[in-house]
Amino acid sequence: MNTATTSSLDSLAQGATLHLRNGRMQEAEIDYRKVLERDPKHREALFILAQLLKLHEKEDEAAIYEDRFLALGPAPSDVLIRKGRFFHIMGKYAEAESAYREAMALGCDSLELHRNMGDAFLDEGNPDEALKHYEKALKFQPGSAHIYALMGEAYRSLNRLDDALLHARKALAIDPSLQFSKETVASILLAQGNYESGWQLKEERFDSANAVQLDQMGIAHLVESFSTKPRWRGEDLKGQTLLVWSEQGAGDNFMMMRYLPLLKQKGAGAVIVNCEASLVKIMLAMTSLVVDKQLALSKDTFDLQCSTMSLPYLFGTRLDSIPASVPYLNLPPAASRKWAEQLKKFPGLKVGIVWAGNKTMSRDRLRSVSLESLAPLMAVPGVQFVSLQKDEATHELAAHGGRILDWMEACDDWSDTAALIASLDLVIGVDTAIVHLAGALGKPVWLLNRFETEWRWLIDREDSPWYPTMRIFRQPEIHDWASAIERVAAELGKLAPTPAVETISSAEWDKAAQSARRALGIGSGNKENAAQSEGKWSLSKLWRR
């Protein structure tokens with residue numbers, strides 16, 4: 001198998017892994033089958049596909065792939081490495097580390113073991129330990145572009161940006177097509193404020209000939225779908241209709257909405273936004289032509305197309321030319337009325353909080369915190385907290401037992417959430433779409449920023465040129481949330497009413513909270529606990545042969 005074929009196969013396997021990590025079980029199964037079509041003896045694909053089939057209770061078919069794996073004569077350490085890899089993908093880091101260490105105890109010392117251990121430690125949020133294993137892996141495969149690329153990411157997590165650039169550029173010198181390292185370099189350049197080079201390098205994602213890499217970025221189907229129409233490259237639009245399609249997460253798209261009104265200045269006759277269903281309503285606040293991505297879109301309806309994330313590049317954005325006038329997302333006053341009426345029932349400064357992001361995202365553990373860790377904020381008198389949290393992390397509210405209003409059940413889409421935010425005095429949160437939404441609304445927002453900063457928050461700044469109403473509270477060291485949270489608590493104490501507003505008794509608060517929930521149409525029953533589904537994907541049956 002030549003180098004190009006091996007690289008393509010590795011990319012396909014990585015795409016399957018990404019699907020599995022994000023909970024896209026069916027897509028992962030399809031991609032692992034594709035890997036085996038090209039290489040019937042691909043050990044990881046055989047092992048993981050067997051486990052996936054077990055999870056879907058397809059025991060007979062799973063046994064076939066297990067037998068094929070066993071026919072390759074794996075040593076006990078090979079099984080443990082596969083087991084560790086599967087646990088890692090499923091986010092079971094302690095179990096993954098245990099399996100890898102068991103393999104080491106059996107005398108295993110290989111490229112595969114150390115690279116997999118490095119990957120697990122990096123995603124777990126331990127880049128120092130990851131680097132140790134990448135260094136060991138490099139001894140088995142000197143000059144590996146992929147290992148240099150991963151080392152670049154580990155150094156970036158440690159904010160050792162010079163080392164990160166050095167290793168990412170080493171990777172690109174070996175394999176110029178490695179989009180992963182291009183993203184690393186671009187993100188560092190943008191974080192350093194070098195927008196000219198950073199945007200240019202990010203834009204090269206569309207020039208990748210590797211469909212698998214585009215698929216890993218979640219844009220392969222979009223690039224292919226719209227390829228029949230030319231990409232807009234920033235020239236005068238001359239009355240033509242431009243299709244702008246959403247890319248990446250909701251927060252990214254909230255950040256880029258600011259450019260939509262400016263497209264008229266570029267001569268656009270009309271602008272159509274093509275986005276996820278959850279974004280349609282809020283995008284309608286910016287432009288009258290919005291199409292759900294799930295619906296068929298005739299290519300005859302537009303002349304040119306581009307991604308939302310390409311807009312800063314296409315407008316030639318530099319640090320001193322960011323279109324930062326806020327609010328650029330304007331809601332009708334009536335939208336916030338119902339929230340404001342209910343908030344009046346509670347004394348104090350009204351502060352929205354969000355503490356966790358999407359757990360399926362790589363290294364989410366670095367950006368998310370527990371609700372319990374925000375206890376110093378809860379101790380500040382004169383503040384009424386309002387949860388802006390969705391999904392699994394909301395279960396922490398029940399254990400908290402404090403006076404936190406949770407009305408997110410009444411927020412059916414981002415527009416509802418925006419209207420609730422617009423009724424608050426302040427939003428405090430980790431790096432999620434909520435802080436972008438608050439910034440777009442011109443609402444005071446305090447960002448709890450991880451040590452491994454995102455490019456958009458730049459380096460060592462406590463303000464944001466993208467959001468004038470934002471303050472940034474950074475971890476002084478990796479994993480040190482306590483220091484950042486204590487700073488926020490101190491600043492919140494200065495902002496809260498002095499003397500503290502008159503408090504209400506627990507009975508009065510409970511009565512007001514129940515009244516507000518009824519008024520907002522929120523029932524007493526909780527929505528299905530997403531964690532209950534975890535039993536369906538139990539790993540207890542893993543490799544019992």
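We're numbering straight along the sequence, starting at 1. Everything numeric in this text was worked out from a predicted model, so none of it was measured.
- The SG atom of C411 sits 8.0 Å away from atom CG of L388, with the distance rounded to the nearest 0.5 Å.
- Atom NZ of K299 has more than 12 neighbouring heavy atoms from other residues, nucleotides or ligands inside a 6.0 Å radius.
- Taken to the nearest 0.5 Å, the CD atom of Q384 stands 8.0 Å off from the CG atom of L343.
- L279 CG to S246 OG: the interatomic distance, rounded to the nearest 0.5 Å, is 6.0 Å.
- Under a 3.5 Å cut-off, the side chain of Q475 and the backbone N or O of A484 do not form any donor-acceptor pair.
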Start with the C-alpha distance between D413 and S278, add both sets of side-chain angles, then the distance that settles side chain to side chain donor-acceptor pair (under 3.5 Å), and finish with yes or no. CA-CA 6 Å; D413 57 30; S278 62; over 6 Å; no
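- Under a 4.0 Å N-O distance rule, the pair D123/R365 does not qualify as a salt bridge.
- Under the 4.0 Å criterion applied to side-chain N and carboxylate O atoms, K344 and E341 are assigned as salt-bridge partners.
- Panel note: side chain D252, backbone G249; a donor-acceptor pair is recorded below 3.5 Å.
- Of the possible donor and acceptor atoms, one in the side chain of K350 sits under 3.5 Å from a partner among the backbone N and O of F346.
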Go through the steps to decide whether E396 and S370 satisfy the test side chain to side chain donor-acceptor pair (under 3.5 Å), and finish with yes or no. CA-CA 8 Å; E396 297 179 49; S370 66; 4.8 Å; no
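- Within the 3.5 Å criterion, the main-chain N or O of Q294 finds a donor-acceptor partner in the side chain of D292.
- With respect to R318 and D320, no salt bridge is recorded, no charged nitrogen being found less than 4.0 Å from a carboxylate O.
- Ion pairing between K92 and E97 fails under the 4.0 Å rule for side-chain N and carboxylate O.
- Side-chain atoms of M378 and H400, non-hydrogen and from C-beta on, do get closer than 4.5 Å to each other.
- By the 30° and 60° cut-offs, the orientation of the rings of F254 relative to W414 is perpendicular.
- Panel note: side chain E486, backbone S483; no donor-acceptor pair is recorded below 3.5 Å.
- Note that the NZ atom of K266 and the OH atom of Y259 stand 11.0 Å from one another [nearest 0.5 Å].
- Separating the CZ atom in R367 from the CD atom in E452 is a distance of 11.0 Å, to the nearest 0.5 Å.
- A donor-acceptor contact shorter than 3.5 Å links the side chain of R517 to the backbone of D406.
- Atom CH2 of W232 and atom CG of L311 lie 6.5 Å apart (nearest 0.5 Å).
- Aromatic ring pairs are classed by plane angle as parallel below 30°, tilted from 30° to 60° and perpendicular above 60°; the pair F226 and F302 is perpendicular.
- Distance alone, capped at 3.5 Å, is enough to place a donor-acceptor pair between the T301 side chain and the S298 backbone.
- Panel note: side chain D416, backbone D412; a donor-acceptor pair is recorded below 3.5 Å.
- Y467 and W457 have tilted rings, their planes meeting at an angle from 30° to 60° on a 0 to 90° scale.
- Between the S187 side chain and the W455 main chain, no donor and acceptor come within less than 3.5 Å of each other.
- The pair E183-R205 does not meet the salt-bridge criterion, since no charged nitrogen lies less than 4.0 angstrom from a carboxylate oxygen.
- Under a 4.0 Å N-O distance rule, the pair R156/E153 qualifies as a salt bridge.
- Between H88 and Y93, the gap from one ring centroid to the other is short of 6.0 Å.
- Salt-bridge formation is detected for the pair R471/E491: a Lys NZ or Arg NE/NH1/NH2 atom is positioned less than 4.0 Å from an Asp or Glu carboxylate oxygen.
- Distance alone, capped at 3.5 Å, is enough to place a donor-acceptor pair between the R258 side chain and the W466 backbone.
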As a quick check of understanding, evaluate side chain to side chain donor-acceptor pair (under 3.5 Å) for K345 and S515, giving each step before the final call. CA-CA 9 Å; K345 298 175 181 178; S515 172; 2.8 Å; yes
